[in-house]
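Worksheet: one structure, shown below.
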Amino acid sequence: MVDFPFSFSNRFHLLGDLSSENKIHQTKKNLERSGNEILDLTNSNPTKLGLEFPPGALSHILSSLDLSQYEPHAEGLESARSVIVTDYKTRGIQTETSDLILTASTSEAYSYIFKLFTNPGDEVLTPNPGYPLFSFLIGLENLKEVHYPLKEDPETGQWIYSAETIANCVSTKTKLIVLVSPANPTGSRTTASFWKEWETIGIKIPILLDEVFVGYEFAGAAHEIPDEPNFPLLVCNGFSKMLALPGLKLGWILNKSPKQFRSEIQKNLGFIADTYLSVNSPVQLATPELIPWKLMVQNRIRTRIMRNLAECEYFSKENPKIKNKSHIEAGWYYLFELDMENKDEDLVLEILLNAKVFVHPGSWYGFSHNRCTLVVSLISEEETLRNALTAIQSYLK
């Protein structure tokens, strides 16, 4: 134990023990060092799975840019914001460039919004099951994460946003509510019926709506953004999922708040953005040439997802130990729930050791430890997925 002559921020205490690697990841590394090939069904990085933005087109776009001049704009270049606004309008969402703030990523967008609405010690509501990154983003702001449960439909097994359930988790310390639509890894969506219920309840606490997986819905009610909400609403998106460009960082915040609040919210967001000026010029200049590739990129990814989805659904139906009731309607992930008494982390470890397949335990995403849930990436390479499911099937017999 090193005795440091200084102290670290108490933010790190809020995040727990960051020094130790969990047993599952340690086991995977040890197996790979011993020469074992691991079939990894957890990868959701499109650039590692043959789904990257066309390299030749990207090189051409970037090579044609004039990078000799630097024009800092707190909100982002007008040319970049304009094409993003046009994309929203093609989705039927009316907005203006003055409602948009560019950020270096959606994670940075979160940090701006936390700074806008919260003070240290305040509470931020997040969905459960949900994405583990939220804990770190919130903890680094000296805030407290409070989970609200998604509602599980007993007939379909789908996980649904319930306005009443969220409202019941609001306290006097709640300063922001996070919604993710389509959600990761459940595929839950903020539908028209949800927003109607929410506005009827009348809670005016600001909402951060993360829609990075929009465009990857396959069935059921559509993801929606309310046109004229009666509460502050900030929508986050970016290039990572939209264009399969997680390395060419660009995110944004769309301010859909009521008109009486919008200008003041935008002014304060602009001050935060002006303080950091973090968005690089090349990606902003390239945005008008990048956005038109969205349909092609998303179609490729959706094709992969739909093929893998069919494989997973067939596997679920043919394996008596899997008790999935539902079909996934959105997002990049699939959930297997097994009718077994094993804890999910123990089963993941057993599958890794015996079948040489790596999946994520559902408890890492907030599913109950008492339910044996496994999470796999639907953008895995198709052959890898088929071989992995065959190996799991052999192990489960």
Side-chain angles (χ1 to χ4, degrees), residues 84-96 99-100 106 109 113 125-131 148-170 174 176-238 241-242 252-262 265 294-295 298 302 305 325-333:
I84 294 170
V85 164
T86 299
D87 185 65
Y88 271 110
K89 289 181 177 179
T90 63
R91 292 170 49 192
I93 300 166
Q94 297 305 309
T95 188
E96 305 297 332
D99 299 328
L100 207 63
T106 50
I113 296 169
L125 298 189
T126 64
N128 190 61
Y131 197 58
Y148 61 83
L150 297 178
K151 185 177 180 180
E152 187 176 15
D153 188 311
E155 297 297 323
T156 65
Q158 293 169 327
W159 297 87
I160 300 166
Y161 283 111
S162 163
E164 181 181 7
T165 301
I166 298 171
N168 288 338
C169 295
V170 171
T174 305
L176 185 69
I177 299 169
V178 175
L179 298 168
V180 186
S181 177
N184 175 37
T186 58
S188 313
R189 277 141 295 148
T190 54
T191 63
S193 61
F194 167 81
W195 289 120
K196 183 177 180 180
E197 183 186 0
W198 184 257
E199 297 210 6
T200 299
I201 291 173
I203 293 176
K204 300 300 193 293
I205 293 172
I207 286 180
L208 186 165
L209 175 59
D210 182 336
E211 62 161 8
V212 295
F213 284 101
V214 72
Y216 301 104
E217 309 100 85
F218 321 118
H223 155 82
E224 287 205 12
I225 298 173
D227 188 43
E228 295 183 0
N230 60 10
F231 51 87
L233 175 63
L234 299 175
V235 182
C236 298
N237 205 337
K241 309 297 187 298
M242 175 189 286
W252 55 82
I253 301 168
L254 173 63
N255 185 359
K256 288 291 290 179
S257 302
K259 291 182 180 178
Q260 65 267 34
F261 309 138
R262 194 178 303 172
I265 287 173
K294 183 181 83 167
L295 289 179
Q298 290 189 334
R302 275 196 296 265
I305 289 172
K325 299 176 183 177
S326 65
H327 59 282
I328 298 298
E329 293 185 339
W332 287 14
Y333 295 82

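- Considering only heavy atoms from C-beta on, Q94 comes within 4.5 Å of K89 through its side chain.
- Taking CG of L150 as the start and OG1 of T165 as the end, the distance is 9.0 Å to the nearest 0.5 Å.
- Atom CD of E228 has 12 or fewer heavy atoms from other residues, nucleotides or ligands within 6.0 Å.
- Atom OH of Y148 is surrounded by more than 12 heavy atoms from other residues, nucleotides or ligands within 6.0 Å.
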* To do: Show your reasoning for whether ring pair (Phe, Tyr, Trp, His ring centres under 6.0 Å) applies to Y161 and W195.
  => CA-CA 10 Å; Y161 283 111; W195 289 120; 8.7 Å; no
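- Contact of the I265 side chain with the L234 side chain is registered, since non-hydrogen atoms from C-beta on lie closer than 4.5 Å.
- Looking at I203 and I166, their side chains never come closer than 4.5 Å, going by heavy atoms from C-beta outward.
- Under the 3.5 Å distance criterion, the side-chain polar atoms of S257 are matched with a main-chain donor or acceptor of L233.
- Atom NZ of K151 has 12 or fewer neighbouring heavy atoms from other residues, nucleotides or ligands inside a 6.0 Å radius.
- Across every non-hydrogen atom of I305 and G331, the tightest pair is CD1-O, 3.8 Å.
- No more than 12 heavy atoms of other residues, nucleotides or ligands lie within 6.0 Å of NZ in K196, so this atom counts as exposed by the packing criterion.
- Salt bridge R91/E211: present, at least one basic N to carboxylate O contact under 4.0 Å.
- Within the 4.5 Å cutoff, the side chain of F194 has heavy atoms near those of the L179 side chain.
- A pairwise comparison of heavy atoms in P129 and T186 identifies CB-CG2, 4.1 Å as the closest pair.
- The heavy-atom pair separating G238 from T106 by the smallest distance is N-CG2, 3.9 Å.
- Counting heavy atoms from C-beta on, the side chains of V180 and Y131 never come closer than 4.5 Å.
- N128 has its side chain out of reach of P149: every pair of non-hydrogen atoms, C-beta onward, lies at least 4.5 Å apart.
- Here the OG1 atom belonging to T190 is positioned 5.0 Å from the NE2 atom belonging to H223, to the nearest 0.5 angstrom.
- In this structure, the side chain of R302 engages the main chain of G215 through a donor-acceptor pair within 3.5 Å.
- For the atom pair D87 CG and T95 OG1, the distance stands at 12.0 Å (nearest 0.5 Å).
- No option in V212, I113, L209 other than I113 meets the side-chain contact (heavy atoms from CB on, under 4.5 Å) test with C236.
- Y333 and F213 have perpendicular rings, their planes meeting at more than 60° on a 0 to 90° scale where under 30° would count as parallel.
- In this structure, the separation between CZ on R262 and NZ on K256 is 6.0 Å, given to the nearest 0.5 Å.
- Annotation: side chain of N237 is in contact with side chain of Y88 (closest heavy-atom distance under 4.5 Å).
- In terms of heavy-atom proximity, W198 sits nearest to A167 at CZ3-N, 4.1 Å.
- Taking CE from M242 and CG from L295, the interatomic distance works out to 10.0 Å, rounded to the nearest 0.5 Å.
- Side chain of Y216 to backbone of K241: a donor-acceptor contact under 3.5 angstrom is found.
- R189 pairs with exactly one of E329, Q158, E224, E217 by the side chain to side chain donor-acceptor pair (under 3.5 Å) rule, that one being E329.
- Between L254 and I84, the closest side-chain pair of non-hydrogen atoms is not below 4.5 Å.
- Taking OG from S188 and CD from E152, the interatomic distance works out to 10.5 Å, rounded to the nearest 0.5 Å.
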